[in-house]
Amino acid sequence: MQRAINRLQTFEQTATSVERLRRAGVGWLNFNLIYGLPLQTMQSCLDTVAKCIELRPDRLWVFGYAHMPSFKKHQRKIDEHALPQTVERHLQSELIAEALVDAGYVRIGFDHFALPGDNLAAAKRQGRLRRNFRVTPTTPPKR
């Protein structure tokens, strides 16, 4: 799947980066997860989210791959027949969401997830959450 989008990154590379960031004092991490990638399956989505949960980022943003080869020229190399169809994309999204909620993350809208102690999760619990197209933190979560 990573080869199909020409973005190779092993779990070990990601885990090493997370470890180094935390050792350097970075106390807050956000991961972006993309579903609907070429050759992506329900099982590969589960495998990916399980690895992300293992690294325990504070927040995750889960969004669908947008295939726009007329706008993003590098996408012309991607075989469109390898892209999951609409129903499978939706199922991938919900499967990832269920896994994150089962792992203790709070679902913030349809595409953001945060650990319960995160200020975004607190704002949702307290009815203070205001969303626009993107949820972006103004301050890191309080620890």
Side-chain angles (χ1 to χ4, degrees), residues 1-80 82-84 86 88-143:
M1 178 179 55
Q2 288 185 359
R3 223 176 254 98
I5 61 170
N6 198 30
R7 289 186 72 180
L8 298 174
Q9 180 177 336
T10 67
F11 174 73
E12 291 73 21
Q13 288 171 317
T14 303
T16 298
S17 295
V18 167
E19 178 187 333
R20 288 178 179 167
L21 287 166
R22 289 192 171 138
R23 218 176 335 150
V26 175
W28 181 79
L29 294 174
N30 180 75
F31 284 11
N32 293 342
L33 291 180
I34 305 172
Y35 61 88
L37 291 166
L39 306 176
Q40 198 170 33
T41 65
M42 300 292 279
Q43 188 59 53
S44 67
C45 285
L46 275 177
D47 294 344
T48 299
V49 76
K51 288 177 178 177
C52 289
I53 290 166
E54 185 179 326
L55 298 175
R56 208 67 176 162
D58 300 275
R59 292 183 188 171
L60 294 103
W61 180 27
V62 180
F63 60 95
Y65 167 73
H67 189 68
M68 301 182 298
S70 61
F71 181 67
K72 298 181 177 184
K73 300 197 184 326
H74 65 279
Q75 291 181 347
R76 292 179 185 166
K77 296 177 183 178
I78 294 174
D79 178 6
E80 292 186 10
L83 295 170
T86 304
E88 188 174 359
R89 284 173 55 95
H90 173 72
L91 293 173
Q92 288 176 354
S93 169
E94 287 305 308
L95 186 68
I96 292 168
E98 287 174 22
L100 290 170
V101 169
D102 288 348
Y105 285 87
V106 176
R107 190 171 190 170
I108 312 292
F110 68 94
D111 58 358
H112 281 73
F113 299 82
L115 290 173
D118 185 282
N119 60 356
L120 198 59
K124 181 179 180 181
R125 271 192 312 278
Q126 297 163 2
R128 300 183 292 106
L129 185 64
R130 300 292 179 261
R131 264 198 76 141
N132 57 19
F133 173 68
R134 292 189 128 156
V135 175
T136 54
T138 54
T139 57
K142 293 183 173 59
R143 297 244 177 226

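Asp58 places a side-chain N or O within 3.5 Å of a backbone atom of Leu29 that can act as its donor or acceptor partner. Between the side chain of Gln92 and the main chain of Tyr35, no donor-acceptor pair closer than 3.5 Å is present. At distances below 3.5 Å, at least one donor-acceptor pair connects side-chain atoms of Gln40 with backbone N or O atoms of Leu37.
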Output, in order, the C-alpha distance, side-chain angles, deciding distance and verdict of side-chain contact (heavy atoms from CB on, under 4.5 Å) for Leu95 and Val49.
CA-CA 9 Å; Leu95 186 68; Val49 76; over 6 Å; no
Stepwise side-chain contact (heavy atoms from CB on, under 4.5 Å) test for Leu115 and Val106
CA-CA 6 Å; Leu115 290 173; Val106 176; over 6 Å; no
Tell me, with the steps shown, if Thr48 and Phe11 meet side-chain contact (heavy atoms from CB on, under 4.5 Å).
CA-CA 9 Å; Thr48 299; Phe11 174 73; over 6 Å; no
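Remark: Arg20 pairs with no residue by the side chain to side chain donor-acceptor pair (under 3.5 Å) rule, at least two apart or across chains. Shown here are the salt bridge (charged side-chain N to carboxylate O under 4.0 Å, His left out) partners of Arg128, two or more places apart in sequence or in another chain: there are none. By the side chain to side chain contact (heavy atoms under 4.5 Å, CB included) test, Ala103 is found to be paired with Ile53, Arg56, Tyr105, residues two or more places apart in sequence or in another chain being considered. Partners of Phe63 by side chain to side chain contact (heavy atoms under 4.5 Å, CB included), not counting sequence neighbours, listed by chain and number: Asn32, Ile34, Trp61. Evaluation of the side chain to side chain contact (heavy atoms under 4.5 Å, CB included) rule for Arg107 yields Glu94, Ala97, Val101, Phe110, Phe113 as partners, not counting sequence neighbours. With sequence neighbours excluded, the residues satisfying side chain to side chain contact (heavy atoms under 4.5 Å, CB included) with Gln13 are Gln9, Thr10.
Of all the heavy atoms in Gly64 and Arg89, the pair that sits closest is CA-NH2, 3.6 Å. Scanning both residues, Leu120 and Ile108, for their nearest heavy atoms gives O-CD1, 3.9 Å. In this structure, Pro116 and Ala121 approach most closely via the heavy-atom pair O-CB, 3.7 Å.
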